[in-house]
Amino acid sequence: MTKPRREKILVVDDDRDMVELLTLTLTQEGYSCESAQSGQEALLHLNKNGDKPFALVLTDLLMPLMDGIELMENIQETHPEIGVLVISADTNLTLAVEAMRKGALDFITKPFRNELILPRIQKALERVHLELENREYQLYLEEKVENRTAALLSKHRSLQKLYFNTVEAIVRAIEAKDPYTVGHSKRVSKYCTRIAEKMKLGEADVQDVMIAGLLHDVGKIGISDAVLTKTSRLSIEEYELIKEHPLISLKIIEPIHELKKAKEYVKYHHEKWDGTGYPDGLKGEAIPLGARILSVADAFDTMWIGRHYHEAWDMDTVIGEFRKNSGTQFDKTVVDAFNHLIVDERAAFDRIREDNPPQFSVAPPFKNPLKI
Ligand SMILES: [Fe+2]
Ligand SMILES: [Fe+2]
């Protein structure tokens with residue numbers, strides 16, 4: 001009486017007697033068995049597969065047209081889950097070793113005795129099951145990692161959105177208080193981004209400078225309206241009050257941990273290369289690069305679009321002013337990068353001016369807008 005077994009095995013040999021012998025032996029042991037007399041026929045069987053998948057292929061090595069090794073390579077490519085065990089005459093040992101090297105589970109030499117072959121087949125099947133389990137577990141782990149990564153990515157995106165919305169809300173607060181700065185922060189942020197990209201800063205650094213551009217003047221929210229929107233000349237005391245805005249900005253954005261570098265840039269955006277700026281009088285490269293970029297972008301917007309305290313200038317005057325103050329007020333390398341940007345993207349700067357008509361409406365109280 002045959003024992004009920006689970007695995008389905010394909011026997012491949014061009015020797016009909018050998019096929020019959022093996023099929024009979026395996027069937028008597030309870031395996032579900034099919035046979036083929038060539039490599040091509042074997043592939044047809046495997047592709048058909050039927051209601052139960054094959055677990056193992058027992059193949060002869062020397063067969064016409066497609067030998068056992070070629071058949072095994074085909075199986076590895078199209079059905080990697082199926083194990084291959086080779087049967088070889090003891091005169092073909094070199095070939096059998098090559099088959100093992102290429103991934104055969106075992107090789108059995110002909111002639112063989114049933115009591116010896118059956119445990120080897122059972123062992124080969126155990127390896128097939130083990131490899132299948134491993135593959136399934138790996139797939140399970142990969143799926144788990146993929147899901148977790150997707151969840152983290154989505155969380156990161158929503159946090160980043162929250163972060164940008166927070167920045168936007170702060171910017172709107174200052175714009176609501178001082179109508180003259182409407183759009184200023186966004187434009188400065190754009191110039192900052194383009195200068196930073198022109199200077200080939202890394203992606204994270206470009207983002208820090210972009211954020212700093214948006215937030216650099218939020219401290220003006222803490223300056224009284226009378227001083228902030230005054231159209232006549234400021235007194236020394238009033239000017240001293242205005243000079244507090246970088247530190248007030250810093251205080252406002254202090255709790256936002258993510259703004260680590262941007263905070264520095266905001267704090268130092270009125271420092272000057274020669275050390276005559278504020279709040280700390282930093283000099284040269286002691287001023288963070290992002291703050292040096294912000295300083296050029298900020299001054300450009302004031303000159304190009306104009307403010308309530310001075311008129312807008314034409315581009316030649318703006319470029320001339322930068323040239324004059326390069327190496328004293330501004331970092332020369334930043335000014336050079338910005339000059340290249342103006343040449344390369346002049347049309348975009350003209351469009352910005354068209355979209356933001358100059359705001360100046362009273363006699364300019366200052367000869368030089370860079371003095372504030
Ligand atoms: Fe400022
Ligand atoms: Fe500004």
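Order of appearance sets the numbers: ligands from 1, and atoms from 1 within every ligand. One is the number of the first residue; the rest follow in order along the sequence.
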**OP:** Using a cut-off of 6.0 Å, state whether more than 12 heavy atoms not belonging to E142 lie near its atom CD.
**Re:** yes

**OP:** Look at the rings of F338 and F322 and say which category their plane angle falls in: under 30° parallel, 30 to 60° tilted, over 60° perpendicular.
**Re:** perpendicular

Subject >> Atom CZ of R135 with >12 non-hydrogen neighbours under 6.0 angstrom >> reply: yes

Original post:
Which pairs with one or both residues in residues 56-78 pass ring-ring contact (aromatic ring centres under 6.0 Å, His included), sequence neighbours excluded?
Top reply: none

**OP:** Return yes when atom NE2 of H340 has more than 12 non-hydrogen atoms of other residues, nucleotides or ligands closer than 6.0 Å, and no otherwise.
**Re:** no

Original post:
Should the pair K251-E254 be classified as a salt bridge under the 4.0 Å nitrogen-to-oxygen rule?
Top reply: no

Subject >> Within-2.8 Å protein N/O/S contacts of the Fe ion (ligand 2) >> reply: H184 NE2, H216 NE2, D217 OD2, D298 OD1

Subject >> Closest H270 atom to the Fe ion (ligand 1) [N, O or S only] >> reply: NE2

